[in-house]
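Working notes for the structure below.
Since the structure is predicted, the reported quantities are computational estimates derived from the model, not experimental observations.
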Amino acid sequence: MADKFTVGNIIRMKKKHPCGNDHWEILRVGADFRLKCMGCQRQVMIPRRLVEKNFREFIQ
């Protein structure tokens, strides 16, 4: 599962960002992920285990 996430992928998550969008671009992969919301362009750091738990599908 660790190898399927790469920088530049667009993913859909289970929970939505407060702006209402659930699509995220992966900017950094490691113990923590840096994700950018595709709706409001904000960036957040999320632990790997939460990304793997809430991941739904690849968009791009």
message = Side-chain heavy atoms nearer than 4.5 Å, only ILVMFWY residues, links allowed to pass through others: does that put L50 and I11 together?
response = yes
Looking at R28 and D32, would you say the former's side chain and the latter's main chain have a donor-acceptor pair under 3.5 Å?
yes
H17 meets the ring pair (Phe, Tyr, Trp, His ring centres under 6.0 Å) criterion, sequence neighbours left out, with W24
For K15, the side-chain contact (heavy atoms from CB on, under 4.5 Å) test, sequence neighbours excluded, returns none
*What do the steps show when you test I46 against L35 for side chain to side chain contact (heavy atoms under 4.5 Å, CB included), and what is the final call?*
CA-CA 8 Å; I46 301 177; L35 302 176; 3.6 Å; yes
task = Examine M38 and F58 and state if one hydrophobic cluster contains both, with Ile, Leu, Val, Met, Phe, Trp and Tyr joined whenever side-chain heavy atoms are less than 4.5 Å apart.
result = no
Closest heavy-atom pair, C19 versus G39, reported as atoms and distance to 0.1 Å, is SG-CA, 4.4 Å
Rounding to 0.5 Å, atoms CZ (R12) and CD1 (I59) come to a distance of 6.5 Å
In sequence, state the C-alpha distance, the side-chain angles, and the governing distance for Q41 and K36, and then conclude on side chain to side chain contact (heavy atoms under 4.5 Å, CB included). CA-CA 6 Å; Q41 305 301 312; K36 180 172 76 172; 3.4 Å; yes
Using the side chain to side chain contact (heavy atoms under 4.5 Å, CB included) rule, take V29 and V7 through it: C-alpha gap first, then chi angles, then the decisive distance, then the call.
CA-CA 7 Å; V29 178; V7 173; 4.2 Å; yes
Could you see if V44 belongs to whatever hydrophobic cluster contains L27? Use Ile, Leu, Val, Met, Phe, Trp, Tyr and a side-chain cutoff under 4.5 Å. no
Taken to the nearest 0.5 Å, the spacing of H23 NE2 from C37 SG works out to 10.5 Å
Requested in this report: Please assess F55 against K14 for the test side chain to side chain contact (heavy atoms under 4.5 Å, CB included), listing each intermediate value before the final yes or no.
Outcome: CA-CA 6 Å; F55 171 76; K14 177 180 173 182; over 6 Å; no
One should read off an interatomic distance between I10 CD1 and E57 CD, to the nearest 0.5 angstrom, of 12.5 Å
